[in-house]
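What follows is a single structure, written as structure tokens, with notes after it.
We're numbering straight along the sequence, starting at 1.
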Amino acid sequence: MRKIDILNFITSFRKAPNDIKTYQELLAHLGAENEATMNQMLHELQQSRVIREVEGSGQKSYQVIAR
């Protein structure tokens, strides 16, 4: 798993550039066995301001903010 896999799943700049995915959707797509690695990568992407965490319907969700 790479950071680009996370970014590609969250959004497609041509089809849905402002799409938001929940933490559970990411976990289901990338696999529960990769949860620790996924959390580390999400944290790194947030620190570098590539994605942001948003509250959507009471769930932790992510949106890509940099291209």
Side-chain angles (χ1 to χ4, degrees):
M1 173 179 32
R2 300 172 306 173
K3 291 178 189 175
I4 194 72
D5 297 331
I6 293 172
L7 295 173
N8 284 338
F9 180 70
I10 293 174
T11 188
S12 169
F13 289 120
R14 292 186 181 129
K15 295 178 185 175
N18 296 320
D19 202 11
I20 297 172
K21 297 288 189 214
T22 66
Y23 180 82
Q24 293 302 323
E25 289 173 323
L26 282 168
L27 190 60
H29 177 72
L30 298 171
E33 67 277 359
N34 297 321
E35 185 172 13
T37 306
M38 182 184 79
N39 285 330
Q40 178 186 357
M41 289 182 180
L42 286 171
H43 183 69
E44 290 172 8
L45 288 167
Q46 282 180 304
Q47 285 188 333
S48 60
R49 296 186 179 156
V50 175
I51 64 171
R52 70 175 165 193
E53 185 176 320
V54 294
E55 273 303 309
S57 64
Q59 294 185 30
K60 187 166 40 170
S61 303
Y62 297 95
Q63 181 179 30
V64 175
I65 57 174
R67 296 181 185 192

Check: Closest heavy-atom contact between K21 and E25?
Finding: CA-OE1, 3.3 Å
Check: Is the closest side-chain heavy-atom distance between T11 and L7 below 4.5 Å?
Finding: no
Check: Does R2 offer a backbone N or O that forms a donor-acceptor pair with the side chain of D5 under 3.5 Å?
Finding: yes
Item checked: For L26, the option from K60, M38, E35 that meets side-chain contact (heavy atoms from CB on, under 4.5 Å) -> M38
Next item on the list: Say whether Y62 and L27 are linked into one hydrophobic cluster, either directly or through other cluster members, by side-chain heavy-atom distances under 4.5 angstrom.
Entry: yes
Indicate every side-chain donor-acceptor pair of residues 45-52 with a distance under 3.5 Å to a residue at least two apart or in another chain.
unit_1: Q46; atom_1: NE2; unit_2: E53; atom_2: OE1; d: 3.4
unit_1: Q47; atom_1: NE2; unit_2: H43; atom_2: NE2; d: 3.1
unit_1: S48; atom_1: OG; unit_2: E44; atom_2: O; d: 3.1
unit_1: S48; atom_1: OG; unit_2: L45; atom_2: O; d: 3.2
unit_1: R52; atom_1: NE; unit_2: Q63; atom_2: OE1; d: 3.2
unit_1: R52; atom_1: NH2; unit_2: Q63; atom_2: OE1; d: 2.9

Next item on the list: Measure the CG-CE distance between N34 and M1 for me, rounded to the nearest 0.5 Å.
Entry: 4.0 Å
Checklist line | Atom pair CG (L42) and OG1 (T37), whose distance is rounded to the nearest 0.5 Å | finding: 11.0 Å
Margin query: Measuring from atom CD of Q40 to atom NZ of K3, what distance do you get when rounded to the nearest 0.5 angstrom?
Written below: 8.0 Å
Checklist line | Sequence neighbours excluded, every pair satisfying ring-ring contact (aromatic ring centres under 6.0 Å, His included) that has a member inside residues 23-42 | finding: F9-H29
